[in-house]
Amino acid sequence: MSRYYYYLILINMVANIIASVPTILLQYHKDGSVSSMALAVVTGTILVTIYTRFFNAFPGMTLPDLLMKTTSKWFYKPFIFFLALMWFVAGLITLVTFIFLLVRYLTPEMPVFQISLLLIFSIIFGCFMKTERVLYTIELILLITFPLILFIFYKAYTSKSIEWDFVKEAALYVNQLPNVNSFASCFFLFLGVANLFIFNRFFTKKQNFKWMHIAFIGIISTLTLFTTYFIPIGFNGFENIDDLVYPWITTSDSLRMEFFMIERVLFVFLLFYLGIAFLSILIHWHVSIEFLKYVFKLEEIKFRGFNLGKYIPILFFIAVSLLFVRVMNEYKLFRISIYFYNTLIIFFPLLIILFFYIKRSMKNADKAKQN
Amino acid sequence: MPIKQSKTRLIPLILVPLIFLLSGCEFKDIDKDVFVSMMAIDLSDDEDKPYKITLKLYVPTSSFKQSPEPEYSYITQSGETFSEAIRLLESYSDKELEFGHSKLIVIGEELLKENKSKEILDFLLRRPDIQMISWLAVGRPSAEEIVKMLPQGENAAYPALFNYFDDIGTESQYIVTTYLFDFRRRIGENGIDPILPIIEINKNKSHFEINKSLVLADKKEPHELSTVFTGIFNMLSGNAETADLIIKEDGHYFIAKIDSMNTKYKVTVQDNNRIKIDIEVSLIGFISESQHPLETQNLSYYNQLFEKYEKKILKDFFNEMTDKGYDPIGFGIDYKSRTLHNTRMSNEEWDEAYKNAEINVTVIPKLKSTGTIQ
């Protein structure tokens, strides 16, 4: 597989640490989080395989392209609009979570409004880039931040302060039925593959997707989930872990690097994660805008030869985000994230039915052409 | 192409005036901040305002040459809550108090005896600017005195107290190091009890003495560990890497310098909730001091003496811990990490069983040499 394909999957997995996924998982630490994680790894890897196989069959085609060819207008227009909305919300949740984090830890004296605008503008500029440029940006930022984040994880695993007895204690809660909310939040990690709906445009050649690649994704996701869930427990204990609002922030603050430039890892961690969160929002909103272009034919809206249409959704994006930042509090955001993740576990498996339908109609169309 | 040219000119024309709207850095300059170096939390005499907070502030100087001596200023305030005290403290300082660089929190002994550790912890954790990697310690007789004391030989700008805990300075076997996050996880969990170092001042008020520790437990009086037991705790928990152990046995009196040690323990539960704890300590080192001449061929005999004596001390330590029901090593979580949650005994049952636990100590002595002389 192309390395860009892995970036799409990896970003969604790594970015979850800053989102509410660990908070949700640790909230249900005594109600089946461990088994949910195991279940999510299996189902998630299957989903990734099916999605990748499907898009691999149609190199260079986006989902809207395929839908236009095979379904009628009354179906695909509202459907793609719904998808656009979904991707926008996914980006929005990450954005608001990160803004809250920045206000709390990095710049407590700066108005929320300013921070939001700063982040939104930089992301919006990214959204306008061509799809392949977005992928190049992802590679560039990942190359800078990812090794350092891996280094912080390495430091956490080898730290003297991590108490493996807590980890073992938590792992022994495996004999419980999986919990829907935990499962949904773990499942979200695997949905990076759904970005292929638009990004498949970039993969114009048929890719080689074998068992090895599936196993690789399975291993990476297991490691990510393990780190997400067990490292905070190792540092903060098992019993009261659900008290923590941002478990990973507290965990990174519990790390000490006495010979590093900055002793307190928290700030380094936050800055690197700013990069990762930026990428995650960038991908989601780019996909969302591309979807909207299909629905409303935005390129055709022109004002004296100037392409105005492209900029219309941006105004909505900014307005809704700012409103959201203002209305939300941590608890509401947490609830909304749970509801959002829960709808995803129903929606994305159901899409597979649509894929079968598309595949069949495309085959029939091909046959008709040959005859 | 007149239209395109005017367009490219228009953009800078709009952008440049925007620069004048920028108001500079809105956050405070560094010289308007004053950094808190450590915090002391005490019980005050006033019943309405039980918490007394003392802050040790760095006095900013322009260069090291200008003030080679350490310089600090102190502010103190009591309050009904911590935040009330801090709010008032902010009015005593002309600069913004910055807690982000505070590395040590000293809690007065009196306050800990009042069982207020949950309230203290809540305040320390809820503030995002207090480091989770700050050290916690107990101040005797009061935290305020510890914080205000300037020991001999203190460097400018780096308080001597930090050196005791940060593993770069002294590496004494008697100093317990407890981070804030460690304290939090130990308080919440049943099966491991928090332990804090006790900081004392010597009689001449010239230096600190940190060689005792305090074990806290829920709804119980804090229990003080003596110097020897503190050393043993550090050895067992892996805090200390080297140790000097005294052997007084069979007319011999010598000191073993241990440079490598390894502790293993295992908790097994027999029927009727009886606990058996097996502890295996292997100590590798050499003899560094003796009151009588030693002979190399008798090393195995010295090893026997060493084993016998260490076993006795370790047994004393564990008996004291189990009899009173304190568990700073964490046998409880070791048990929890080995049994499924629905089959293990309840916390109360464990506490009861721990008091009657059977303890087997095995010491594997590995004295390799008598030092450079016989």
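Letters A, B, ... are given to chains in the order of the sequence lines, protein chains preceding strands, and every chain is numbered from 1.
Of the options B:Ile105, B:Leu180, B:Asp166, a side chain to side chain contact (heavy atoms under 4.5 Å, CB included) to B:Trp135 is made by B:Asp166 and by none of the others.
Remark: aromatic rings of A:His29 and A:Tyr173 are distant, center separation not under 6.0 Å.
Of all the listed residues (B:Arg186, B:Glu189, B:Lys336), the one sharing the greatest number of non-hydrogen pairs under 4.5 Å with chain A is B:Glu189. Per-residue counts of heavy-atom pairs under 4.5 Å with chain B were compared for A:Leu244, A:Val265, A:Thr251; the largest is that of A:Leu244. The residue among B:Ile192, B:Asn190, B:Asp182, B:Thr339 with the most heavy atom pairs within less than 4.5 Å of chain A is B:Thr339. For the set A:Tyr246, A:Trp164, A:Tyr105, A:Phe235, the entry with the most heavy-atom pairs within less than 4.5 Å of chain B is A:Phe235. Counting heavy-atom pairs under 4.5 Å between each of A:Arg104, A:Lys30, A:Glu169 and chain B puts A:Glu169 at the top.
When all heavy atoms are compared, the tightest approach of B:Leu340 to A:Leu172 is CD2-O, 3.3 Å. Taking all atoms of both residues into account, the shortest heavy-atom contact from A:Trp248 to A:Ile231 is CH2-CG2, 3.7 Å.
Looking at A:Glu263, both its backbone and its side chain come within 4.5 Å of chain B, counting heavy atoms on both sides. Neither the backbone nor the side chain of A:Ile249 comes within less than 4.5 Å of any heavy atom in chain B. Proximity to chain B (any heavy atom under 4.5 Å) is shown, for A:Thr250, by both the backbone and the side chain. Of the atoms belonging to A:Lys160, it is side-chain heavy atoms, and not backbone ones, that fall under 4.5 Å from chain B. Contact of B:Arg127 with chain A is not made at all, since no heavy-atom distance falls under 4.5 Å. Neither the backbone nor the side chain of B:Leu125 comes within contact range of chain A; no heavy atom of the residue lies under 4.5 Å from a heavy atom of that chain.
Between B:Asp334 and B:Arg338 there is a salt bridge, since a side-chain N of the basic residue sits under 4.0 Å from a carboxylate O of the acidic one.
Between the side chains of B:Tyr58 and B:Glu98, no donor N or O sits under 3.5 Å from an acceptor N or O.
Formation of a donor-acceptor pair under 3.5 Å by the A:Asp165 side chain with backbone atoms of B:Ser337 is not found in this model.
Every ring pair (Phe, Tyr, Trp, His ring centres under 6.0 Å) that A:Phe226 has, sequence neighbours left out, goes to A:Phe230.
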